[in-house]
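Single-structure report; data block below.
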Amino acid sequence: MPYLVIGFVGIMLFTFTLVAVVYKPSSMEKSLGLRVASIQTKNLPGDGLTPDAAGLMKITKSSRFGSLERLLDRYQFSKMLQSRIIQADSKTTVASLVISSLLLAVAGYFAGFLFVPILPGELALAVLAGSIPYAILSFKRSRRLKAFDGALPEAIDTLGRALRAGYAVVGSIEMI
């Protein structure tokens, strides 16, 4: 039993390490990050910026897992998860998504250990339970994108009608 748990945790750590090593930022992403960082240091929030601009230039994120967030921010999969979180209009963070996924995977493994005492069954339940947070996020994202796709033709039609009626582009967008 202890060897199985140690093996499972070891495999999980190896997998996350492998993903972290494979998804390194490219040189173009690094240079873009340096340019954004130089802009942020020149225009820190409160240096005479409008409130909207200061909101866009926020440097820190509010999270219970700050150090884990900083660690995960180095890797490409974190940026991909963050974009999915934004697209799903969710309030969660990458660190909380990863931690909840790991905790559910461990719980799934132990449930499999109790009810299906076969290693492939235990691992299958761990993977299934660990993917629940990501599945919920994907469901929210797809539902939001479908709603956007449903409203887009009507918005384009309204924009076209407003432009033909003589409204300016800004006025047409405000109408939508």
Side-chain angles (χ1 to χ4, degrees), residues 15-16 18-20 22-66 68-105 108 124 127-176:
T15 304
F16 279 114
L18 182 66
V19 167
V22 170
Y23 288 112
K24 288 185 177 178
S26 67
S27 61
M28 189 170 128
E29 290 171 333
K30 287 179 185 177
S31 66
L32 182 64
L34 289 173
R35 286 174 47 197
V36 169
S38 70
I39 291 170
Q40 287 178 340
T41 55
K42 289 178 187 173
N43 297 319
L44 291 175
D47 289 345
L49 297 175
T50 65
D52 292 333
L56 291 174
M57 299 296 286
K58 280 186 182 173
I59 295 172
T60 58
K61 295 178 188 174
S62 61
S63 172
R64 292 182 287 174
F65 311 107
L68 182 60
E69 283 286 341
R70 286 188 297 277
L71 177 71
L72 290 174
D73 278 344
R74 298 179 190 167
Y75 304 107
Q76 185 64 31
F77 80 94
S78 172
K79 291 173 179 53
M80 186 259 319
L81 280 177
Q82 184 63 37
S83 68
R84 287 189 173 267
I85 289 170
I86 290 169
Q87 291 170 352
D89 195 28
S90 180
K91 302 297 182 217
T92 188
T93 62
V94 174
S96 63
L97 187 72
V98 169
I99 287 175
S100 63
S101 181
L102 284 174
L103 290 176
L104 283 172
V127 169
L128 184 66
S131 64
I132 288 173
Y134 185 75
I136 291 171
L137 187 70
S138 294
F139 173 74
K140 286 181 177 180
R141 177 180 175 260
S142 68
R143 186 176 59 187
R144 187 166 185 237
L145 289 177
K146 283 180 186 176
F148 177 79
D149 288 344
L152 185 62
E154 184 179 333
I156 291 173
D157 186 43
T158 304
L159 180 67
R161 287 183 196 167
L163 290 173
R164 276 182 289 216
Y167 284 98
V169 175
V170 175
S172 302
I173 292 174
E174 286 177 1
M175 189 181 302
I176 292 173

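All figures in this text were calculated on a predicted structure; none of them were measured in a lab.
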Do you know which two heavy atoms are closest between I85 and V94, and how far apart they sit? CD1-N, 3.9 Å
Taking all heavy atoms of A95 and all of L72, pick out the closest pair and write down the distance. CA-CD1, 3.9 Å
Pairwise distance NZ(K79) to CD(Q76) - rounded to 0.5 angstrom: 6.0 Å
Output a table of donor-acceptor pairs, distance under 3.5 Å, between side-chain atoms of residues 127-137 and any protein atom two or more places apart or on a different chain; print 'none' if there are none.
| unit_1 | atom_1 | unit_2 | atom_2 | d |
| --- | --- | --- | --- | --- |
| S131 | OG | V127 | O | 3.3 |
| S131 | OG | L128 | O | 2.9 |
| Y134 | OH | R84 | NE | 3.2 |

Could you pull out the closest heavy-atom pair between K140 and A88, with the gap in Å? CB-CB, 4.0 Å
For I86 and R144, which heavy atoms make the closest approach, and how far apart are they? O-NH1, 3.3 Å
Partners passing side chain to side chain contact (heavy atoms under 4.5 Å, CB included) against D149 (at least two apart in sequence or in another chain): none
If you look only at distance, which donor and acceptor atoms sit under 3.5 Å apart when one is on a side chain in residues 159-176 and the other is two or more places apart or in another chain?
| unit_1 | atom_1 | unit_2 | atom_2 | d |
| --- | --- | --- | --- | --- |
| R161 | NE | D157 | OD2 | 3.3 |
| R161 | NH2 | D157 | OD2 | 2.7 |
| R164 | NE | G160 | O | 3.3 |
| S172 | OG | A168 | O | 2.8 |

Rounded at 0.5 Å granularity, tell me how far CZ in R141 sits from NZ in K146. 11.5 Å
Would you check if the side chain of S101 reaches a backbone N or O of L97 as a donor-acceptor pair within less than 3.5 Å? no
Taken to the nearest 0.5 Å, the spacing of L81 CG from T93 OG1 works out to 10.5 Å
